[in-house]
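The next block holds one structure in the form of structure tokens; read it before the comments.
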Number of protein chains: 2
Amino acid sequence: MAEREAERSVSQTVRAQLALRELIVSGGLRPGERISELQAVEVTGVSRTPVRMALVRLEEEGLLEAIPSGGFMVKAFSERDILDSIELRGTLEGLAARFAAERGVSSRDLEPLKQCLDEIDGLVRREPISMEAFSSYVALNARFHVLLAELSRSPPLIRQIDRASALPFASPSGFVMAQSALPEARQILLIGQDHHRVVVDAIENREGARAEAIMREHARLAARNLRLALRNRTHLDLLPAMALISAG
Amino acid sequence: MAEREAERSVSQTVRAQLALRELIVSGGLRPGERISELQAVEVTGVSRTPVRMALVRLEEEGLLEAIPSGGFMVKAFSERDILDSIELRGTLEGLAARFAAERGVSSRDLEPLKQCLDEIDGLVRREPISMEAFSSYVALNARFHVLLAELSRSPPLIRQIDRASALPFASPSGFVMAQSALPEARQILLIGQDHHRVVVDAIENREGARAEAIMREHARLAARNLRLALRNRTHLDLLPAMALISAG
DNA sequence: ATCGGAGATAATGTATACACAGAGTATTCT
DNA sequence: AGAATACTCTGTGTATACATTATCTCCGAT
């Protein structure tokens, strides 16, 4: 009931957007599949007007693609698109790290980042890593990335990073990941954690170029891991693979 | 009349979007000023529904900002925001140049770029440069940047560059520029032309790192020039200054 | 005189009705 | 029987009417 109250406080448009995004990311609609407004109305329970607004926003977000003759379809990403997007995000985050280092952040600003990393350490050090721990990790990792972006103190850059992270494989959807993938996921987590510590250190010491280089290398490594994962498994369940790489 | 026919072929939403963007970029509305739907309806001549769609798209584009209590306002950019955006665009274009060099483009792919640069040469070599020549230059320069982005063959990156270029100071709004600024604008044009030639050369020779570095340096120089221009003139007419830098 | 509250007004958010375009199917003609 | 055309039906694009919320003003009380 309280939940219902909370839902009522946000606009129908936002509710529709969240519901539709959830539907798309969870794989309820296949890439390339058309999403009709009527269908969206049934799913979300709101009228066509807010649904249309939500669809436009999801298109701008990159999850949907406008069909020339009208309407929208779920955007399909090639493997190359995904790998490029990861490198793209890494490049932007590298710029953010450089900005943070060059603009001179106080050690007080870095405190939240370090705390975030410590919390992650508490999760990934123990073995084997549980499904719940992995979920927590994904959330914490996302928080770290947000904090790093904000450290740049550059609204345009933060905005662009947000957009680059809006794609499914950059969203905290780790819960889709298969149990069997957990062990190797943990390896990636540990390496990523190391990278993050180096970045914080570089920023603290005002080494802009080094901070930037690390973030870019970090993304390239993540892309490489994803490519390997895609080679080993079938191409079928791309979404879990995307969730996996979101840990990077 | 034929124009009227052509207008009728595109949707009301697109027409509204174009009209409103023109209004904002031309300075018809001051930054921070609220834009009411009623006002937008009067300006565009279409109904509220397509107007709302256009407003949402312009928000995603970065020209408008949503007001928490409802509605939209023209987004205000600080000087730092603008400088950061230029460097951001340079970083993305640098990545595009590197992709182009590393993925191996044929010299046939580079032909349109070279032709574009030759056309620009024909415009800027003669002195003094006229207002018409400058307008032509801005259009050609925009084409060069689009061609370079496409050379990366990376849809996600192209998309992101498009968005980074959607802001006013990256749009071909050079016609606003004052006559008096033309001479120094020409200097920037010539330097930019040199940079572009180097980039094409680097891509042709598969030197990814060099191609990327040049584009980033190019953007940094453009940012520096803008900063100087803002110091010399008053802060008042930022739009002409933004037009000036769009030449970079 | 100033602050607070209540009411009115205007603007946004939402819903629905209508118009038009496109696709699919059925029927008719060759 | 096959193909072409016409008709229907589904779905998007647009307009407008309604509801809700926020802001501004005015009046009253302290």
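Excluded from the calculations below are hydrogen atoms, water molecules and symmetry mates; all remaining heavy atoms, backbone and side chain alike, are included. The chains referred to below are lettered A, B, ... by the order of the sequence lines, with proteins before strands, and numbering in each begins at 1.
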Between [atom2] of [N] and [atom1] of [X], the distance in whole Å:
X      : N       : atom1 : atom2 : answer
F72(B) : dT12(C) : CZ    : P     : 9 Å
M53(B) : dA15(D) : CE    : C1'   : 13 Å
E33(B) : dA11(C) : CD    : P     : 14 Å
I67(A) : dT12(D) : CD1   : C1'   : 11 Å

Exercise. Indicate the ring-plane relationship of H196(A) and H145(A), choosing parallel, tilted or perpendicular according to the 30° and 60° boundaries.
Key: perpendicular

Can you tell which of [options] lies closest to the side chain of [X]?
X      : options                   : answer
Q12(B) : dA11(C), dT14(C), dA15(D) : dA15(D)
L38(A) : dC18(D), dG11(D), dT14(D) : dG11(D)
T13(B) : dA15(C), dG13(C), dT14(D) : dT14(D)
E37(B) : dA15(C), dT12(C), dT16(C) : dT12(C)

Quiz item: Hey, does the side-chain of S69(B) have a donor or acceptor N/O within less than 3.5 Å of a partner on the base of dT21(D)?
Solution: no

Quiz item: Are D84(A) and F99(B) close enough that some pair of their side-chain heavy atoms sits under 4.5 Å apart?
Solution: yes

Quiz prompt | Atom pair CG (L157(B)) and CG (D81(A)), whose distance is rounded to the nearest 0.5 Å | solution = 11.0 Å

Practice problem: Specify the residue among P50(B) and S36(A) whose closest nucleotide of DNA chain D lies further upstream toward the 5′ end. | Solution: S36(A)

Quiz item: Would you say the side-chain atoms of D162(B) and S165(B) include a donor-acceptor pair closer than 3.5 Å?
Solution: no

Quiz item: With respect to the phosphate group of dA15(D), does any side-chain polar atom (N or O) of R48(B) fall under 4.0 Å of OP1 or OP2?
Solution: no

Practice problem: Select from S47(A) and I35(B) the residue whose nearest nucleotide in DNA chain C is closer to the 5' end of that strand. | Solution: I35(B)

